[in-house]
Every structure is written in C-alpha cells, then in structure tokens.
Amino acid sequence: MPVQYSGIIDEHHAVRNALGLFDISHMGEVFISGPEAGAWLNRLLTNNVDKLAVGQCHYTFMLNGQGGVIDDLIVYRLTATDYLLVVNASKIEEDFAWMQKHAQEGVNLDNRSDAYAGLAIQGPNATAFYHKFFGGVAIPERNGVATVERDGVSYFVARTGYTGEDGFELFFNADAAPATWQALLDEGAEFGIKPCGLGARDTLRLEMCYPLNGSDLSPERSPLEAGMGFFVDLQKEDFIGRDVLAAQKAEGVKVRLVPFRMTGKTPPPRSHYPVVAGGEVVAETASGSLSPSLGVGIGMVYLPAAVAKAGETVEIDIRGRRFPAVIEKKPLYRKA
C-alpha cells in the first residue's frame, strides 16, 4: 500500500465524508479446516471461537506463553469446520510458523496469502455503493462474512473495518485484483470514492484508538495492558497465555495503553517520543500523528496505571521541547 495518492488529509476526509478504497493485499490469509479446527483455534486465540455462528467473524489475539501479543487478527467462520484468519502483513510467516508449531490431528493449515488480494471500502457511502456494485445483493451484517460473485469472480465479503466508518472488505483471487480495483473506482465515482494509502489508514485508525501491531501491540505487552480485554475470554478453560492474563486481571495491570490529545498548537507527536509526568520521563509514545478530523496532535501511550486516567495531564517531548497533552477516553474522534 502506498503512503498516499492525492494526499493524507484529502484521503482521510474522503473516508470520513464519502468513500475510500484501500489496497490491503499485503495482509495474510490463512485457511483453517477440519473437524477439530474450532477447538484448536480456541486454544490458540483469546476470543471464543465457539460463539461464532457460520457467517460471523470477530477480532482476537494470538499470544505467546508470556501473554504478549504475537498478532491481532480477525477470524471468519465460513462453514461449520472452515475458518479464515486475516493476519497482519509483517506477521504472516511468524504467525504461520506458530500455528504449525502447535498443529494437531484433525486440523488443516493452508497459507494462501500469496494467492489472495484484499481491498477495503470505507466511508458513510459504503452500503449504498455495495448494493450498486453487487447488484442489490444483501450486504453482510456488522461482523459478518459472506460469499458473493460478480463477473465470474468469487469474493469473500466481510463487514469489519479499521477506520470507524461503515464499510466492507473483499478477499479474492489475486489474478482478479487489477480489474476489481478499477471497477470499484469507476463505479464508485458517483459516491465520491478515492484511493487511499497507508497514511490515511493510520490517522483514521488512531482517531478511533484502534491499535497498530508493532507500535501499540507487541510481544512484551498483553491485550489487558493494551485495554483490549473485551476480546479476551477468560471463561475459556485454556488458551496460550491465559494464566498470565488471569493473573493480570486479578492483580490489576501496572501499565495501560491510553489515548492522549495535545493541547494548543504543537508539532505532531510521533512514536517513541518521551512522555513526562510529575517532572519525570515515565514512558514513550506508542503512536502519534496529527488528527485531520480534530486539527490537533493525538496518540497513544503505555502509562503507569496511576497516571493512565482520563483528565490527567502529561508532557510530550518533541525534539527537545515539552508540549502539554491530556489523557482522553476512547475514541478520540466521535461523529457529531
């Protein structure tokens, strides 16, 4: 995915106000099948796969033995015994190797990342455009997945998103990617569609406080420390990393990932900037950027629990100068 096409701010506003098209073909697609697939995934992932009906999907985590995040991903239940995992691009090989390490009888693993393309359509005009593009076929419900055909191409259509806007994703044979991309742009013109790059994807997700693997998520941090406990089912008897997370839940986490907003006019914060509280450096930023919707710098940071509260003030050291910021509640951006 390029960083930008027409410009990060222009693309960002296109998604917030009309429609944006993202090439997410760099993401990985791993298919899991077999009579033991569901039970096996439940031991590998934090969320409860048993709660997914056929045609549903949810967000989840793959953890190491210390409770740290290997990857955050989405699992789609295609049939009673068939699942699709969409994983982060930089984690494809690591994720698949981890799966193979924990493979068992009755579970088939198939990494088809090189054979699949992915496109994400995001924005308030997404549903109307979907109905036109697929000829009135019903769009999946939120957190749903379905198979839809168009011009001889079979698409997995998912309804998740990484921007906070309405939208859908298409996963399909990579050979059809150029034609599909062009068709989406041509037929989406009346809906205000614009191609969008990595820059806008980052500012959009940061406004919503959606974590980015490698910045806000890492093998050294747990989902509970990242404030993502909703996607961890500790009622499950066992999954990799569960004991560590159960202990954190009982004792309380020592650090938490929280969003912040710069106060006043400041340079944009970036990752790895020192964060000062009580006159001392207590952390460094995990993510940071200028928010095109809010017009101020925003970001996320792991702070000691005593400081990680909405309304607390900190300072962000930006190239040797300290600028004030306030800890906020999620999300940072809310539609009027």
Side-chain angles (χ1 to χ4, degrees), residues 8-9 12 61 63-64 66-70 72 164 198-232 241 244-334:
I8 293 173
I9 294 177
H12 181 107
F61 295 96
L63 306 182
N64 57 32
Q66 293 72 49
V69 176
I70 296 174
D72 63 325
L198 195 62
R201 193 165 176 81
D202 192 53
T203 56
L204 289 158
R205 69 93 193 167
L206 190 52
E207 288 183 346
M208 300 306 299
C209 302
Y210 295 154
L212 176 66
N213 197 299
S215 295
D216 311 301
L217 303 172
S218 75
E220 290 75 42
R221 299 293 188 191
S222 79
L224 300 189
E225 291 173 321
M228 307 296 282
F230 182 80
F231 306 101
V232 175
V244 176
L245 269 58
Q248 288 183 346
K249 179 76 172 179
E251 299 167 6
V253 295
K254 293 181 173 58
V255 298
R256 288 198 297 119
L257 182 67
V258 291
F260 65 85
R261 179 202 298 249
M262 307 300 295
T263 57
K265 190 173 182 180
T266 72
R270 304 295 181 194
S271 58
H272 304 299
Y273 283 2
V275 179
V276 178
E280 296 183 357
V281 175
V282 295
E284 65 176 30
T285 53
S287 289
S289 181
L290 171 70
S291 164
S293 299
L294 303 175
V296 296
I298 60 172
M300 291 201 283
V301 57
Y302 282 94
L303 284 178
V307 185
K309 300 174 183 176
E312 290 284 340
T313 57
V314 295
E315 292 178 302
I316 312 297
D317 189 318
I318 303 177
R319 296 187 294 276
R321 293 181 60 195
R322 294 180 180 180
F323 296 90
V326 62
I327 306 305
E328 298 278 6
K329 294 181 179 179
K330 299 177 184 178
L332 289 163
Y333 168 79
R334 292 178 173 85

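Contact of the M208 side chain with the P331 side chain is registered, since non-hydrogen atoms from C-beta on lie closer than 4.5 Å. At least one side-chain heavy atom of P211 sits less than 4.5 Å from a side-chain heavy atom of M228. By the 4.5 Å heavy-atom criterion applied to side chains, R322 and V276 are counted as neighbours. Put simply, the side chain of F260 reaches to within 4.5 Å of the side chain of P269, judged on heavy atoms. Counting only heavy atoms from C-beta outward, the side chains of Y273 and I316 approach each other to under 4.5 Å. Contact annotation: the side chain of L63 never approaches that of I70 to less than 4.5 Å [non-hydrogen atoms, C-beta and beyond]. At a threshold of 4.5 Å between non-hydrogen side-chain atoms, the residues E207 and H12 count as touching. Taking 4.5 Å as the limit, every side-chain heavy atom of Y333 sits out of range of all side-chain heavy atoms of S291.
Judged purely by atom type and a 3.5 angstrom limit, T203 uses its side chain to pair as donor or acceptor with the backbone of A200. Using modelled atom types, one side-chain atom of N64 and one backbone atom of P219 make a donor-acceptor pair closer than 3.5 Å. Remark: the backbone N or O of V253 is not paired with any side-chain donor or acceptor of R256 at under 3.5 angstrom.
For the 3.5 Å distance criterion, the side chains of T285 and H272 fail to qualify, holding no donor opposite an acceptor.
Within a 6.0 Å sphere centred on CD1 of I9, heavy atoms belonging to other residues, nucleotides or ligands number 12 at most.
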